[in-house]
Peer 1: 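One structure follows; several queries about it will come next.
Index from 1, following the sequence.
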Amino acid sequence: MNIEHLRLFLRIASTHNISQAGNELGLSAPVASMHINKLEESIGARLIHRTTRKVSLTEEGETLLPYAEEIISTVDAAQATVGSGKVCPKGTVRITAPASFGRMHLMPALKGFLAQYPELSVDIRLSDSMVDLVEGGFDVAIRNADLKDSTLIAKKLASDKRIMCASPDYIATHGTPTHPSELKQHTCINHAGLESWTFDTPEGVQHVKVKGKIKVDHGEAVRDAAVDGMGIAMCATWIAYQHLRDGSLVQVLDEYALIDNSAIWAVYPSSRLLAPKVRAFIDYCSEYYGNPPYWELTESD
């Protein structure tokens, strides 16, 4: 049984595409197909169903999958112990991330990541849609929403604190709210799906259903509308921190914490051991964003 054939089998199980899996390992589609044929010959069973649209594992392939994962993980661990001291990650890391966070915080992180791991490349999809990792053949997703799929594993990368903010011009014209209940007398900018804001107050938890003339489904658009003086907005600190530091936005109601459990997560399909390239990416991002992350406000801000 050839180890590299097993590596290819694992990528096909993840991507459901022989050409894509082969390309990630530097193989042409015909060579990748030939290697899978040889693996099936050595195993003595058909491992994948081939159709014109995609491939899927046979019952025998599903049975082989956890053993293949364990074999590859053991080989990688052996190389780390006996070889140079660590496995040098190779191949392509396929990543999906929300559009705004990806543009603002993932793309700037890549220069250092690729310099540190010169044998890796990245394939990134920026989308605010909830992408199916397995169906899409992704290694890891960056998400700021709760994990609902129990077959996935999530590792927290950074906090995702939400705050209330407005422009100095808006405050000068309309005044500063001193209690969450006063938001009903103010113009607010609604983020689609977050029409109710929940605050921790001395009187207990308060839910404020705000009204405004603007509702938009994009965090940067919400922030930009607030910068333009169009109302009070709830923003993630990672999306508004630069404007808060340069004074084009100011925080309001900061003594009343928003009740929100959001965080930035790295999410990946469950497996016995994490692939070295995925572990390298997650560990790098955790260190790059910091604890607390660089976008969190400090007293000097």
Side-chain angles (χ1 to χ4, degrees), residues 7 10-11 14-15 20-21 23-26 69 72-81 83-128 130-131 133-134 136-147 149 152-161 219-220 236-239 241-242 262-298:
R7 289 190 191 277
L10 291 181
R11 290 311 303 155
S14 177
T15 63
Q20 180 181 324
N23 183 62
E24 291 182 11
L25 298 176
E69 289 175 339
I72 295 302
S73 297
T74 301
V75 169
D76 287 344
Q79 289 176 338
T81 303
S84 62
K86 67 176 183 178
V87 175
C88 184
K90 299 179 182 180
T92 299
V93 187
R94 300 197 71 240
I95 307 160
T96 178
S100 292
F101 186 87
R103 184 188 67 80
M104 294 180 64
H105 299 287
L106 177 57
M107 299 307 295
L110 293 179
K111 182 177 181 180
F113 175 68
L114 295 175
Q116 186 171 332
Y117 298 101
E119 295 190 63
L120 283 179
S121 60
V122 294
D123 181 355
I124 300 174
R125 298 291 182 272
L126 299 182
S127 173
D128 290 327
M130 192 66 75
V131 177
L133 268 69
V134 176
F138 291 101
D139 296 301
V140 61
I142 305 297
R143 289 182 178 168
N144 60 346
D146 291 337
L147 180 62
D149 189 338
L152 301 176
I153 297 174
K155 176 179 173 58
K156 184 177 178 179
L157 295 179
S159 60
D160 183 18
K161 184 179 179 181
E220 287 182 276
T237 51
W238 62 259
I239 212 168
Y241 75 107
Q242 292 171 319
S262 296
I264 306 298
W265 302 91
V267 179
Y268 52 93
S270 175
S271 62
R272 295 191 178 188
L273 288 175
L274 197 56
K277 64 180 181 179
V278 179
R279 183 178 298 279
F281 174 76
I282 293 174
D283 289 347
Y284 179 86
C285 286
S286 295
E287 183 176 352
Y288 180 88
Y289 297 135
N291 185 23
Y294 59 77
W295 57 73
E296 287 297 337
L297 304 177
T298 63

Peer 1: What's the separation between atom CD1 in Ile282 and atom CD1 in Ile153, rounded to the nearest 0.5 Å?
Peer 2: 9.0 Å

Peer 1: Roughly how far apart are Met104 CE and Glu220 CD, rounded to 0.5 Å?
Peer 2: 5.5 Å

Peer 1: Heavy atoms only: give me the nearest Thr15-Ala21 pair and the separation to one decimal.
Peer 2: OG1-CB, 3.7 Å

Peer 1: To the nearest 0.5 angstrom, please state how far the CZ atom of Arg125 sits from the OG1 atom of Thr96.
Peer 2: 9.0 Å

Peer 1: Strictly distance-based, threshold 3.5 Å: is any side-chain N or O of Tyr268 a donor or acceptor partner for the main-chain N or O of Lys155?
Peer 2: no

Peer 1: Only one of Thr92, Asp139, Asn23 forms a side chain to side chain donor-acceptor pair (under 3.5 Å) with Arg11, so which one is it?
Peer 2: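 The side chain to side chain donor-acceptor pair (under 3.5 Å) with Arg11 is passed solely by Asp139 among Thr92, Asp139, Asn23.
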
Peer 1: Could you tell me which non-hydrogen atom of His105 sits nearest to which non-hydrogen atom of Tyr288, and how far apart they are?
Peer 2: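 What the structure gives for the nearest pair is O-CE2, 4.1 Å.
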
Peer 1: Locate the shortest heavy-atom distance separating Leu106 from Ala97; write the atom from each residue and the value.
Peer 2: CD2-CB, 3.9 Å

Peer 1: Taking the side chain as everything from C-beta on, heavy atoms only, tell me whether Asn144 gets closer than 4.5 Å to Trp238.
Peer 2: yes

Peer 1: If you compare all heavy atoms of Ala266 against all heavy atoms of Val140, which two are closest, and at what distance to 0.1 Å?
Peer 2: CB-CG2, 4.2 Å

Peer 1: With sequence neighbours left out, write down each residue that passes side chain to side chain contact (heavy atoms under 4.5 Å, CB included) with Leu114, or none if nothing qualifies.
Peer 2: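 Applying side chain to side chain contact (heavy atoms under 4.5 Å, CB included) to Leu114 gives Val122.
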
Peer 1: Step by step, work out the side chain to side chain contact (heavy atoms under 4.5 Å, CB included) result for Asp123 and Gln20.
Peer 2: CA-CA 12 Å; Asp123 181 355; Gln20 180 181 324; 5.9 Å; no

Peer 1: Let me confirm one number: the CD1-CZ distance from Ile124 to Arg94, rounded to the nearest 0.5 Å.
Peer 2: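 Rounded to the nearest 0.5 Å, the CD1-CZ separation comes to 11.0 Å.
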
Peer 1: Parallel, tilted or perpendicular: which describes the rings of Tyr289 and Trp295, with under 30° parallel and over 60° perpendicular?
Peer 2: tilted

Peer 1: On the 0 to 90° scale, with breaks at 30° and 60°, tag the Tyr117-Phe113 ring pair as parallel, tilted or perpendicular.
Peer 2: tilted

Peer 1: Nearest heavy-atom pair of Asp128 and Ser100: which atoms, and what distance?
Peer 2: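 Looking at all heavy atoms of both residues, the closest pair is OD1-N, 4.4 Å.
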
Peer 1: With rounding to the nearest 0.5 angstrom, report the CD1 to SG distance, Ile142 to Cys285.
Peer 2: 5.0 Å

Peer 1: Find the distance between CD1 (Ile239) and CZ (Phe101) and round it off to the nearest 0.5 Å.
Peer 2: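 The CD1 atom of Ile239 sits 10.5 Å away from the CZ atom of Phe101.
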
Peer 1: If you look at every heavy atom in Ser286 and Leu157, which pair is closest and at what distance?
Peer 2: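 Scanning both residues completely, I find the closest heavy atoms to be OG-CD2, 3.3 Å.
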
